[in-house]
Number of protein chains: 2
Amino acid sequence: MTPRGTDASAGADPVSGRTREALRAAHLYYMQDLTMEAIAQELRTSRSSVSRLLSHARASGLVEISIHSPLDLPSRIEQDVLARFGIAAHVVPVPDHATDVDRLDRVALSAARILGRFVDSNQTIGVAWGSTMSAMSRHLVPKATHNTEIVQLNGAGNGRTTGILYASELLRRFGDAFGARVQQFPVPAFFDDPATRRAFWRERSTRRLLELQAGMDVAIFGIGSPFAEVPSHVYQGGYLDRTDYDALSRDGVVGDVATVFYRADGSTDGIAMNERATGPDFAVLRRAPRRVCVVSGRAKIASLAGALAAGLITDLIVDEGTARALLES
Amino acid sequence: MTPRGTDASAGADPVSGRTREALRAAHLYYMQDLTMEAIAQELRTSRSSVSRLLSHARASGLVEISIHSPLDLPSRIEQDVLARFGIAAHVVPVPDHATDVDRLDRVALSAARILGRFVDSNQTIGVAWGSTMSAMSRHLVPKATHNTEIVQLNGAGNGRTTGILYASELLRRFGDAFGARVQQFPVPAFFDDPATRRAFWRERSTRRLLELQAGMDVAIFGIGSPFAEVPSHVYQGGYLDRTDYDALSRDGVVGDVATVFYRADGSTDGIAMNERATGPDFAVLRRAPRRVCVVSGRAKIASLAGALAAGLITDLIVDEGTARALLES
DNA sequence: AAGCCGACTGCACAAACGTGCAAAATGGGC
DNA sequence: GCCCATTTTGCACGTTTGTGCAGTCGGCTT
């Protein structure tokens, strides 16, 4: 009775039979513990295809894997960070001997996978750029949203390379992952002349973007550490010259968020470079109710502490060693 | 600086270093995509131990794997069941040629894994018994709850075997999985004499249990199908004799839920056996806001249809073939 | 119609994984 | 303090899974 009723109407279904098969494979694999071999038989395909189907199911968010600490033993470190700084921390375990490159990759990967918790429909999401954000962007797990908007926090152009392309690719990845519109910010990272910036800021197109930033629900950013041994993207990319460095040094700068510089106490007043920078004023940034910061590496501890002092962060994703060192500082 | 700070205080931590390690392994494996080999090095143990740690993490609910249909393509069948019967269906994919034993196992496994959605703190959970419930009980994924109570829906003793042990084992598994108290119902499945039952029902200890049943938040049960080729547990276990069968047949019975029998139209009035049965009256059962039924196999379609007619079910977990056949009936 | 391009498939191999077993470790009980 | 019962560990093996590659299919262009 009802022979091969399964795909009676399969031909009539134009949309993504792919997704449908991926879902079925996921059920069979994750809910029923069949082997891929067995699933291949049920789906009349090869084992390798099932493997790929399952990869697709994971990468596209059909399958979600989450980890719950039993509530009685939340990570000690996360508790301590909450107690001391009043923010939610997500500590990523990384062995102490890992290189900074390793650290960054692993934190970015973890961050990408939990980002879905922060993103939802009808939101405006501010996104910065840099090596951390770039690594994250390559591992985002898609999540369907409606009417969500990704807005670039700061310009990415410079005299030499077309940072624009780099940033737009990064933004595009975020947009794709969440089915969101993307608002680029096509300006250089730093203007040469503060006056040019002020002029630009009066342009209607710029003001529209600044208004979007002012209404952000979530901001996502890394942290720049100008004087660390492993310089952040901004400091390698030819965005700053010798003179700029000296100025930052004189002003007592310890880090930047979206190319806006700050001191160890979190203050920004009188830092000349900020007159030429394109990132949002911290007062604007702090209007976003959720401000997610992704950091890795001990080199960034001073910068991170400054950002905390400035009250820029509500949710911190950080590697274990850095979190521990932060608590000891 | 801070050399091997990792386990500086490990010795001072008496509680489940096991769970802590499992969590860490899970992070590394599921969030950071490390291989077990790499994790073994980080945890200073063998690869096999990591494999076991991860198994433990999954089986104990530290790691949760869930599958989301994109909202634009929920299973067609689930939609149809909702439209026709007004209940939420969870359809478990099973190939058409699977044996009924296979079907039952696979449905029970899937059911066990989604049961967590229905169970929460401060609830009273009614649990029946039978081959389906038994298979489920072996795969429950633990979930921490407080003040939750598991209450047995119907007696399990019979003249020959100590069904009591069997049922109590089943109940215990539910209790363990949810950290809940367990209320056994130490009576036979059927009394020999209706009068004995009535007497028993007046006992204080019995009344306490019946009150618990009356206040259930969730009921979980399979479906018995007395006249199907593959008889349910109740019908193999020596609970009924020839005379009983004939009586059921004469009364037009098509199935039972927790040893209470009903006809195709869902009615129970005048079915003699029910005078001697120990399961809850359907009026009582229907007071539970959530009533989860787990069924598999085409043989049970008539019984399932009857239970639906009786309005016993709010959430149905069922194999694909049976769901399809139900819709065609 | 031929041709090109990208996406998908199955094969074959290497890598990663699960599990029975014996040895080692742990932790009460006397 | 020692001993036995139980649990945990690492090894070795067989199984299961990921992936580069070459071949195929379908759609689109010229």
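Residue numbers start from 1 in every chain, and the chains themselves are labelled A, B, ... in the order their sequence lines are given, proteins ahead of strands.
B:K143 places no side-chain N or O within donor-acceptor distance of the main-chain N or O of B:A177, the cut-off being under 3.5 Å. Although no hydrogens or angles enter the test, the distance criterion places a donor-acceptor pair under 3.5 Å between the side chain of A:E78 and the main chain of A:V91. The backbone N or O of B:A180 lies less than 3.5 Å from no partner atom in the side chain of B:E149, so there is not a single donor-acceptor pair.
Following rounding to the nearest Å, A:R47 (CZ) and D:dG18 (C1') show an atom-to-atom distance of 8 Å.
Remark: B:R324 does not engage B:E328 in a salt bridge, criterion side-chain N to carboxylate O under 4.0 Å.
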Using the side chain to side chain donor-acceptor pair (under 3.5 Å) rule, take A:S49 and A:S46 through it: C-alpha gap first, then chi angles, then the decisive distance, then the call.
CA-CA 5 Å; A:S49 295; A:S46 72; 3.2 Å; yes
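Using a 4.5 Å heavy-atom cutoff, the side chains of A:I65 and B:E64 are not in contact.
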For nucleotides 5-9 of chain D, which of its nitrogen or oxygen atoms have a protein nitrogen or oxygen under 3.5 Å away, and what is each distance?
none

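Note that the OG atom of A:S66 and the CE atom of B:M31 stand 7.0 Å from one another [nearest 0.5 Å].
Contacts with DNA chain D (heavy atom under 4.0 Å) in residues 33-44 of chain A: A:T35, A:M36, listed by number.
Of all heavy-atom pairs spanning A:Q123 and A:F118, the tightest one is OE1-O, 3.4 Å. Closest approach of B:A128 and B:L170 over heavy atoms only: O-CD2, 3.9 Å.
Under the salt bridge (charged side-chain N to carboxylate O under 4.0 Å, His left out) rule, A:D319 has a single partner from A:R106, A:R103, A:K300, which is A:R103.
Heavy-atom contacts of chain A under 4.0 Å fall on DNA chain C between two terminal nucleotides, which in 5' to 3' order are C:dC8 to C:dC11.
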